[in-house]
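Here is the naming used below: chain letters follow the sequence lines, and residue numbers restart at 1 for every chain. Since the model is a prediction, treat every value here as computed from it, not as a measurement. When reading the values below, keep in mind they use all heavy atoms of this one structure, side chains included, and skip hydrogens, waters and symmetry mates.
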Protein chains: 2
Amino acid sequence: MKSGDMANLKQIAAELSLSVTTVSRALKDGPEVQPSTIARVKEVAKRVGYVPNHHGRALKTGRTLMLTAVLPMETRDYLSDLAKLPLIEGMTLAARQAGYSLSIYSTTPDDDPVESVQRLLDARSADGLIITRMVSGDPRVKLLLDQRIPFVAFGRTDLDVAYPYVDIDNEQIAYDATQRLMDKGCRRIALQLLVAKDQASAMRLAGYGRAMAEAGIPIDQSLIGHGTFTMESSVAWFDRLLASSDPPTGLACANELGLLGALHALGRRGLEPGRDVHIVTRDNTRLARFLPAKIGVHSVDMADVGHKLIEVLESRIANPLGPVVTVLLQGKFDPAE
Amino acid sequence: MKSGDMANLKQIAAELSLSVTTVSRALKDGPEVQPSTIARVKEVAKRVGYVPNHHGRALKTGRTLMLTAVLPMETRDYLSDLAKLPLIEGMTLAARQAGYSLSIYSTTPDDDPVESVQRLLDARSADGLIITRMVSGDPRVKLLLDQRIPFVAFGRTDLDVAYPYVDIDNEQIAYDATQRLMDKGCRRIALQLLVAKDQASAMRLAGYGRAMAEAGIPIDQSLIGHGTFTMESSVAWFDRLLASSDPPTGLACANELGLLGALHALGRRGLEPGRDVHIVTRDNTRLARFLPAKIGVHSVDMADVGHKLIEVLESRIANPLGPVVTVLLQGKFDPAE
DNA sequence: TTCGGCAATCGTAACGTTACGATTATAAAA
DNA sequence: TTTTATAATCGTAACGTTACGATTGCCGAA
């Protein structure tokens, strides 16, 4: 934005016959400057509509007051991952409250994740980074740790290094979901996962495996589906399972879209959730409760995840060498009515 | 990001015994500098990993290469407006391609819209602004025009000034939807709108009114519902209509959430879309096509809206005094199968 | 009176970049 | 040989801010 008539320190200083230094200090209530002077400076600053120039300050101090979140975007499907919306809203709001701006860097499936992060590092345009969608052995963690850039990840990974993250306890949620399905009498329980290397899916698989092992039920690999975040793939996958000779009686869904897909597949066959197949899903958006279907729901507060991410990142920026903060959030279960 | 060992022009200049000026020019292929020098400079720049300092450049040139989108966020409901997700993705991607970063400024219902814009103006941290959710007589337009800040609006308003916008032709879509419902034999057609002063809703109401007038059907105000973007309100509203003595036989939904709510209300009464009530909805996310229900759909490509917004804003920044560009996008109709 | 100590303010330099006029070297024209 | 044009490069200033050491004026202690 240009409109060159922007007030600056020099103008205020000239008007009051003070030095730029004194004005600068007065505006941040520096103890070196006389209270009466502070008052005069602030009065003029307000009158001329002074707002500190972000770039002058950033250049001098090295801080940008900007955070960048790297978010993957699915170009195949406009619906993308619904959880991203409350996540973005939570992050932007928390960032704003903490005095930061949040910029979103969307990556397409064509983008190399490491390269994207590298580019952001090079640009040095943010004080900190938020990375999401962690994969097994995620190389971005090492890159960011090496460069000593404050960052926080949404999700853990299987690396043997400590780094700041916020995560949902996917293992526990999947364990719990599987158990609840078994409580309904299900023994053939289908599990919906995302792409294979997705770390959240790995955790979910672990929780599912633990529950099955405890119940002494052998795992049937054909019941475990890997897909993308879209509804299409969910419909096709679950439809195939339903068509098999020994169809599942229980289903643990990955998210809203997976759930909608599965319901679609059920509906086409005249089957009913809660009667023919028991369903438990993870819900990031409170969408599931509005569906006319009996399903158990693990709700996850993604806006809270966003808040926590910013909080952790902020503490990291304030104290880059401090202890590594990690947060693990639980889901909240609402049974099928 | 600190890691103070950041390469700058001075270092490159020193290494090559050149002046900072020449290096700066060489890196942007200035015609004043010898091709062989350009090559040498670029080689060193690449080796030391030089990346231009954003703030130094912004301070000097007055350009920030940053755009800010002001997006309202519904705190009542995590689902918020689903259309925002593809919109954000479209904008961030287009911005990136145009060499800009996009920052998101989420406003809560508590925030005063004008004040939010004013704050962003004061901060001077962006080269341009994107405003959304236009209301009748939107005061932000005058504010932004007065301050000569490049901006683009998602949506028109009823002001008598020219300003750059991208909009969906809501009037035409509502007109079309109403006609299609009448083609199915509906005469009592319910219309789902958002809050009263929302400008998009006003356009939709106009289109509905035009279609009804052409068909000679008087408008029954009780069939026109004003609500929020949530599903709850949609369920309650449509349920009340269905319970009335003369229930509607057609329904034009505002968006996905409104549709899901209406379907919920129908399902509870054992009614079926396409048989008992004909439904046409606007769909911003391609969600509707996955629902096991016969509904007509006007699909709107929100990612494209995002692209267009950035495009218009970019041209505005490049030429602030040029002609005011406006874009009006049509929906694409997919009939109930 | 002279000095130390303190409060209040000032001046300069620096962050990294770009704009612009000045300077040098080179080659062609007189 | 001197002039003139041109190509290549340089130096300085500026954008708005903050850090830091220097300076001023004043009061009380010696």
Side-chain angles (χ1 to χ4, degrees), chain A residues 1-42 44-45 48-66 99 122-127, chain B residues 1-42 44-45 48-66 99 122-127:
Chain A
M1 316 186 181
K2 28 204 69 163
S3 68
D5 56 347
M6 201 54 200
N8 58 20
L9 291 183
K10 203 196 280 185
Q11 286 170 32
I12 299 180
E15 178 155 347
L16 288 167
S17 303
L18 283 173
S19 74
V20 178
T21 305
T22 304
V23 173
S24 172
R25 284 174 170 158
L27 287 172
K28 42 178 75 72
D29 289 310
E32 315 94 326
V33 33
Q34 208 177 0
S36 66
T37 308
I38 294 188
R40 282 192 305 147
V41 168
K42 285 195 174 173
V44 175
V48 300
Y50 171 77
V51 179
N53 180 297
H54 181 221
H55 302 291
R57 181 177 280 177
L59 185 56
K60 182 64 189 169
T61 63
R63 296 189 60 193
T64 68
L65 296 182
M66 166 82 65
D122 289 345
R124 291 284 186 291
S125 53
D127 290 334
Chain B
M1 316 187 182
K2 29 204 67 163
S3 69
D5 56 345
M6 202 54 201
N8 57 20
L9 291 183
K10 203 196 282 185
Q11 287 170 30
I12 299 179
E15 178 154 347
L16 288 168
S17 302
L18 283 173
S19 75
V20 178
T21 305
T22 305
V23 174
S24 171
R25 284 174 169 157
L27 287 173
K28 43 177 75 73
D29 289 309
E32 314 95 327
V33 33
Q34 208 177 0
S36 67
T37 308
I38 294 188
R40 282 193 305 146
V41 168
K42 286 194 173 172
V44 174
V48 301
Y50 171 77
V51 178
N53 180 298
H54 181 224
H55 302 291
R57 181 176 280 177
L59 185 56
K60 182 63 190 167
T61 63
R63 296 190 59 193
T64 68
L65 296 183
M66 166 82 65
D122 289 345
R124 291 284 185 291
S125 52
D127 290 334

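Taking atom OH of residue B/Tyr50 and atom C1' of nucleotide C/dT18, one finds them 10 Å apart after rounding to whole Å. The interatomic distance linking B/Leu9 (CG) with D/dA14 (C1') rounds to 16 Å, in whole Å. Straight-line distance from the CG atom of B/Leu27 to the C1' atom of C/dT17: 12 Å, rounded to whole Å. Distance A/Lys28 NZ to D/dG16 C1': 11 Å, rounded to the nearest Å. D/dC15 atom P lies 8 Å from atom CG of A/Asn8, rounded to whole Å.
Note that CG of B/Asn8 and CG of B/Asn53 are 8.5 Å apart. Values are rounded to the nearest 0.5 Å. We find the CE-CE distance between B/Met66 and A/Met66 to be 3.0 Å, quoted to the nearest 0.5 Å. To the nearest 0.5 Å, atoms NE2 (A/His55) and OG1 (B/Thr64) are separated by 5.0 Å. Separating the CG atom in B/Leu59 from the CZ atom in A/Arg57 is a distance of 13.0 Å, to the nearest 0.5 Å. Interatomic distance, NZ of A/Lys28 versus CD1 of A/Ile38, reported as 11.5 Å (0.5 Å rounding).
For B/Ser24 (side chain) and B/Val20 (main-chain N/O), no donor-acceptor pair under 3.5 Å exists by modelled atom type.
Side-chain contact between B/Leu27 and B/Lys42 is present, with at least one heavy-atom pair separated by less than 4.5 Å. Side-chain contact check for A/Gln34 versus A/Thr22: every heavy-atom pair is 4.5 Å or farther apart. Using a 4.5 Å heavy-atom threshold, the side chains of B/Val48 and B/Gln11 count as separate. With a 4.5 Å cut-off on side-chain heavy atoms, B/Tyr50 and B/Val44 do not count as touching.
Listed by residue number, the members of residues 52-61 of chain B with any heavy atom below 4.0 angstrom from DNA chain C are B/Pro52, B/Asn53, B/Gly56, B/Arg57, B/Lys60, B/Thr61.
Between A/Lys10 and A/Ser24, the one whose closest nucleotide on DNA chain D sits nearer the 5' end is A/Lys10.
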N/O-N/O pairs, protein side and nucleotides 24-27 of chain C side, under 3.5 Å:
none

Walk along nucleotides 6-11 of chain D from 5' to 3' and tag each nucleotide B, S or - by protein heavy-atom contact under 4.0 Å, base first, then sugar-phosphate.
--BBBB

